[in-house]
Amino acid sequence: MASKRVESTKELKGAFRKVTAWRFVNDLAEQAKRVPAIDKISLLNRNENEAKSEWFVTLDGAPFRWIQREAFFGTHWRATFKAIDGDFDSFEGAWTLSDLDDGLRLSLVMEFALDIPVLEIGIGDEIKKRVQIFGDSLMDAAVAYCGESSVDERINSRMN
């Protein structure tokens, strides 16, 4: 089965900090609160560098469910995820944060494959569009979170 890939990248110009975006990437409850397509995320277990969660998402009226493992590589500003059970044959991806001379770049990549060849042929491109919209909405939520947090960080002094 051929995997399909979707990407969403934003460059935030100005005084944005990776630590703020990293907080959003690590906070599944915040993601669930801000992205309308996410019906529910159940955190199954978590430690500093790994997590396991169950996602319930509705993409343009179509419900999807999966359980995924997340790995957080804070020193590299990268978080990966991979479904281990659910409606996709495979579903995986990564968030990557990087500095720009005048801001911050956030990138989200997701790859997936359906487990039924007839669906892949018949509606694979439609599912790809829905997953792209989902990825873009996650990115928009991250950007909004960073914007709100940067305003708060400018108003309130930083503490070391």
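Sequential numbering from 1 along the given sequence is applied to the chain's residues.
Expressed to the nearest 0.5 Å, how far CG of Leu28 lies from NZ of Lys40 amounts to 13.5 Å. Note: Glu92 CD to Met110 CE = 12.0 Å, rounded to the nearest 0.5 Å.
Scanning for side chain to side chain donor-acceptor pair (under 3.5 Å) contacts around Asp136 gives Ser8, Gln132, with sequence neighbours left out. In this structure, the side chain to side chain contact (heavy atoms under 4.5 Å, CB included) partners of Ala142, at least two apart in sequence or on a different chain, are Phe24, Trp95, Leu106. Trp22 pairs by the side chain to side chain donor-acceptor pair (under 3.5 Å) definition with nothing, not counting sequence neighbours. With sequence neighbours left out, the side chain to side chain contact (heavy atoms under 4.5 Å, CB included) criterion links Ser90 to Ser3, Ala113.
Under the 4.5 Å side-chain criterion, counting only non-hydrogen atoms from C-beta, Tyr145 is not in contact with Gln31. Residues Thr80 and Phe73 are in side-chain contact: their nearest non-hydrogen atoms beyond the backbone lie under 4.5 Å apart. Under the 4.5 Å side-chain criterion, counting only non-hydrogen atoms from C-beta, Lys10 is in contact with Asp140. In this structure, Phe112 and Lys128 have side chains that are in contact, with non-hydrogen atoms separated by less than 4.5 Å. Between Glu48 and Phe72 the shortest side-chain heavy-atom distance does not fall below 4.5 Å. With contacts defined as side-chain heavy-atom distances shorter than 4.5 Å, the pair Leu43/Lys52 does not qualify. When side chains are defined from C-beta on, Glu7 does not count as touching Ser107, because their heavy atoms never get closer than 4.5 Å. Here the side chains of Arg46 and Asn26 are in contact, with some heavy-atom distance below 4.5 Å.
Residues in residues 62-85 take part in these salt bridge (charged side-chain N to carboxylate O under 4.0 Å, His left out) pairs, two or more places apart or across chains: Glu54-Arg65, Arg65-Asp85. For residues 99-109, the salt bridge (charged side-chain N to carboxylate O under 4.0 Å, His left out) pairs, not counting sequence neighbours, are Glu11-Arg105, Lys13-Asp102, Lys18-Asp99.
Considering every non-hydrogen atom in both Gly135 and Leu108, the closest pair reads O-CD2, 3.7 Å. Nearest heavy-atom pair, Glu126 versus Asp60, reported as atom, atom and distance to 0.1 Å: OE2-OD2, 4.2 Å. Val109 and Phe81 get closest at one heavy-atom pair: O-CZ, 4.0 Å. For the pair Ala21 and Leu104, the tightest heavy-atom approach, listed with the atom from each and the gap, is CB-CD2, 3.9 Å. Of all heavy-atom pairs between Ser137 and Val35, the closest is OG-CG1, 3.4 Å.
Linking Ile, Leu, Val, Met, Phe, Trp and Tyr residues whenever their side-chain heavy atoms come within less than 4.5 Å places Leu97 and Val19 in a single cluster.
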Report task. Show your reasoning for whether side-chain contact (heavy atoms from CB on, under 4.5 Å) applies to Leu138 and Ile38. Result -> CA-CA 10 Å; Leu138 277 164; Ile38 299 174; 4.3 Å; yes

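Look at Lys4 and Asp125 and you find a salt bridge, because one of the NZ, NE, NH1 or NH2 atoms lies within 4.0 Å of a carboxylate O, short of that distance.
Here the rule is side chain to side chain contact (heavy atoms under 4.5 Å, CB included) with Leu59, and of Ile127, Val131, Ile133 only Val131 fits it.
Below 30°, between 30° and 60°, or above 60°: for Phe134 and Trp66 the angle between ring planes is above 60°, a perpendicular geometry.
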